[in-house]
Structures are given as structure tokens and as C-alpha cells.
Asks: 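Here it is, the structure, as C-alpha cells.
Predicted model only: the values in this text are computed from it and were never measured. Letters A, B, ... mirror the listed sequences (proteins, then strands); counts begin at 1.
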Amino acid sequence: MTTRKRKKSLLLLPPHSESPGDQTDGKTPKRSVQCQSSESVHKSLSFSPYFSTRDDAVRLTSSFFDQPCAHLAKEFLGKVLVRKLADGTELRGRIVETEAYLGGEDKASHSAGGKRTERNTAMFMKPGTIYVYPIYGIYLCMNVSSRGEGAAVLLRSLEPLSGQDVMRGLRVAKRKEGAKTLKDKELCNGPSKLCQALDLRRCFDRRDLAIDTDVWLERDQGDDAVCCREVVSAPRIGVESHGEWATKPLRFYLRGHPCVSVLNREAERQMGSQSCMDSSGLGL
DNA sequence: GGTGCGATCGCCT
DNA sequence: GGCGATCGCACCG
């Protein structure tokens with residue numbers, strides 16, 4: 001899987017580089033982020049086949065984030081992540097997949113063993129603090145700290161609700177010229193994809209999701225659709241090398257949702273008629 | 001559709 | 001100097 005070669009191919013832009021609209025080399029086409037009209041943003045609002053939306057969305061405050069990690073990871077499902085760009089455009093996506101990283105004893109966590117470094121400092125900050133870190137040299141992932149020393153929730157997938165055209169522009173900017181057009185469900189179906197689509201950069205690291213003016217979380221009617229039976233608990237992705245912690249069901253996603261990055265049919269089959277309150281095996 | 005592989009570089013030991 | 005909470009693409013059936 002891993003290669004040691006370091007060719008100087010530039011198929012992808014580093015995610016932590018300035019977005020294409022900010023680039024000054026004159027070679028990259030400007031995307032539409034800076035100039036999309038409010039009308040086009042309104043048009044891009046699409047009705048979700050899975051949830052309904054309404055105008056009385058409520059921003060989530062600090063108290064919401066102060067929950068045990070795995071519990072918060074499940075609570076995130078159905079909530080709406082909002083990203084307000086510099087030009088006022090609001091990008092919205094409903095969270096449909098998360099992972100809990102418990103810190104301390106959790107060997108798959110960046111903060112395993114209570115290890116605190118410059119990079120993972122945000123994991124130890126107050127619940128609701130954003131932790132953005134680079135991975136594989138070219139991608140970013142976004143977490144939100146929870147209650148518990150070094151604990152955080154990784155946001156893995158969103159269902160795009162508004163601003164899809166802008167998201168597509170941000171995603172396309174990172175892909176090879178001539179690549180096929182991305183479907184809406186492909187815009188945010190992965191932890192690094194959602195960072196690209198929402199233009200979440202490293203500068204968001206250590207910012208407070210409860211009070212920030214550029215990114216926040218909302219609760220809306222979508223919550224009503226996230227009944228217990230729809231939540232699948234499965235082992236986390238990409239942590240196979242961490243022994244028993246690799247098998248713990250700390251990934252949560254909405255069953256049957258097309259925007260989930262990786263399905264776990266085995267976990268879904270095992271759910272059966274079991275309540276999700278039990279299926280994690282963690283007494284959540 | 002599923003699978004395998006290469007890309008790429010910051011962080012950590 | 002090794003590794004990694006990923007992704008896109010080519011290839012195959």
C-alpha cells in the first residue's frame with residue numbers, strides 16, 4: 001500500500017495550499033467560489049431524499065460537545081455542518097458518518113497513551129475544539145474534541161445540502177484535468193473529501209466550533225430521521241495495525257445512506273433487530 | 001461494481 | 001527514516 005518513491009508528480013494540489021481562487025500563479029483557473037450569486041446558491045439547495053430541512057435550524061453550543069466521545073460521535077449523525085466562505089456563501093452538509101477516537105487507552109488515537117504533541121494539541125482542548133491535521137502528505141482530516149482527555153470525533157462523510165456547485169468546484173480543483181464529473185453523493189463521502197469540499201484548511205485547527213463565525217454545527221429536523229435503528233456501529237477505517245482497538249465498533253454511520261464512504265455489510269447484518277444502543281457493545 | 005496500487009510529505013521516533 | 005484516521009485511477013469481471 002505504502003510506497004517510498006517520491007516522484008515529483010503534481011496530480012493533486014496540497015490541501016493545505018491556498019485554494020485555487022486564492023492562487024496567484026495565474027495558471028489555475030479561478031473557481032466560482034468567489035463569484036457565485038446568492039441566487040445560484042439558492043438554486044443549489046436540493047431537497048434531501050433522506051431528510052427534510054427547515055428554516056428554524058439551531059446552532060449547537062458548547063454544552064452539546066461536552067459528551068463522552070463515542071456518544072458524541074453518534075449524536076453528530078444528522079447534524080448539519082455549515083461552512084461560511086469569505087464571500088458569504090454558506091456550504092451545508094449533513095453528517096452521516098463519524099468515528100470516535102477515545103484518547104488515552106485507544107491505541108488508534110493520535111493521543112494514545114495521553115501523548116500530547118504540537119500537532120494534536122486541539123484534541124486536549126475544550127470539547128468542540130476543531131482538530132485539523134494533514135495526512136498522507138496531501139490530505140486533511142477534521143475532528144472535533146469531545147469530553148475526555150485527548151478524545152475527539154472524526155467527521156468522515158457528509159450529505160451535501162446546499163452549495164453543491166461550489167463544493168464541486170473546490171473538489172475538482174484537486175483532481176486531474178479531464179476527470180469525470182462528481183455526483184453530489186461523491187462530494188463529501190470521505191474525511192479528506194469533506195475538507196476539500198468545504199474549504200476547511202489547517203488554519204481551522206484549534207478553533208471553537210461553538211463560537212466560530214466561519215464554521216459551525218446546526219441541529220434541524222433531520223434529527224428526527226436518525227432513529228436508533230438507522231445507526232450502524234462498525235470498526236474504524238484505516239486503523240488495522242492497532243490490535244484490539246482496530247476491531248472496536250467506534251465508527252458510526254446512517255444505514256443505507258448513499259454518502260457513507262465505506263459500508264460494512266457484516267456489521268449491518270449483525271445489527272438485525274438489535275437496537276443501536278446495544279450494537280456498539282460499548283453500552284452507548 | 002470491486003480491487004489494487006501509486007502518490008506524497010508532515011509527524012514522530 | 002518509517003509510517004500514516006486517504007484518495008484517484010486503472011484495470012478487471
Asks: Between dT6(C) and Tyr139(A), is there a base-stacking contact, meaning the centre of the base's six-membered ring lies under 5.5 Å from the residue's ring centre while the planes stay under 30° apart?
Replies: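 By the stated criterion, Tyr139(A) and dT6(C) do not stack.
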
Asks: Taking the side chain from Arg94(A) and the backbone from Gly78(A), do they hold a donor-acceptor pair closer than 3.5 Å?
Replies: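 The answer is yes, because a donor-acceptor pair under 3.5 Å joins these two groups.
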
Asks: Do the rings of Phe64(A) and Phe76(A) sit parallel, tilted or perpendicular, given the 30° and 60° boundaries?
Replies: tilted

Asks: OP1 or OP2 of dC11(B) versus the side-chain N and O atoms of Arg202(A): is any pair under 4.0 Å?
Replies: yes

Asks: Which part of the nucleic acid, if any, lies within reach of Met142(A) when heavy atoms closer than 4.0 Å are counted: base, sugar-phosphate only, or nothing?
Replies: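 The answer is nothing, as Met142(A) stays clear of every strand by at least 4.0 Å.
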
Asks: When only distance counts, do a donor and an acceptor, one from the side chain of Tyr133(A) and one from the base of dA5(C), lie under 3.5 Å apart?
Replies: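 When only heavy-atom distances are counted, Tyr133(A) does reach the base of dA5(C) through a donor-acceptor pair under 3.5 Å.
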
Asks: Does Glu105(A) have any side chain to side chain donor-acceptor pair (under 3.5 Å) partners at least two apart in sequence or in another chain, and if so, which?
Replies: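 Counting only residues at least two positions away or on another chain, Glu105(A) forms no side chain to side chain donor-acceptor pair (under 3.5 Å).
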
Asks: Does dG8(C) have OP1 or OP2 under 4.0 Å away from a side-chain N or O of Arg171(A)?
Replies: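 Yes.
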
Asks: State whether Ser261(A) places a side-chain N or O below 4.0 Å from either non-bridging phosphate oxygen (OP1 or OP2) of dT6(C).
Replies: no

Asks: For DNA chain C, list all stems, counting runs of three or more consecutive pairs where every pair is Watson-Crick or G-U wobble with both distances under 3.5 Å.
Replies: B:1-7 with C:6-12, B:9-12 with C:1-4

Asks: Establish, with yes or no, whether the OP1 or OP2 oxygen of dC12(B) is under 4.0 angstrom from a side-chain nitrogen or oxygen of Arg119(A).
Replies: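 Affirmative; the distance criterion is met.
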
Asks: What nucleotide among dG8(C), dC7(C), dG4(C) has an atom nearest to a side-chain atom of Tyr136(A)?
Replies: dG4(C)

Asks: Report yes or no: does Asn120(A) contribute a side-chain atom to a donor-acceptor pair with the main-chain N or O of His110(A) at less than 3.5 Å?
Replies: yes

Asks: Is a side-chain donor or acceptor of Thr129(A) paired with a backbone partner of Ser145(A) at a separation under 3.5 angstrom?
Replies: no

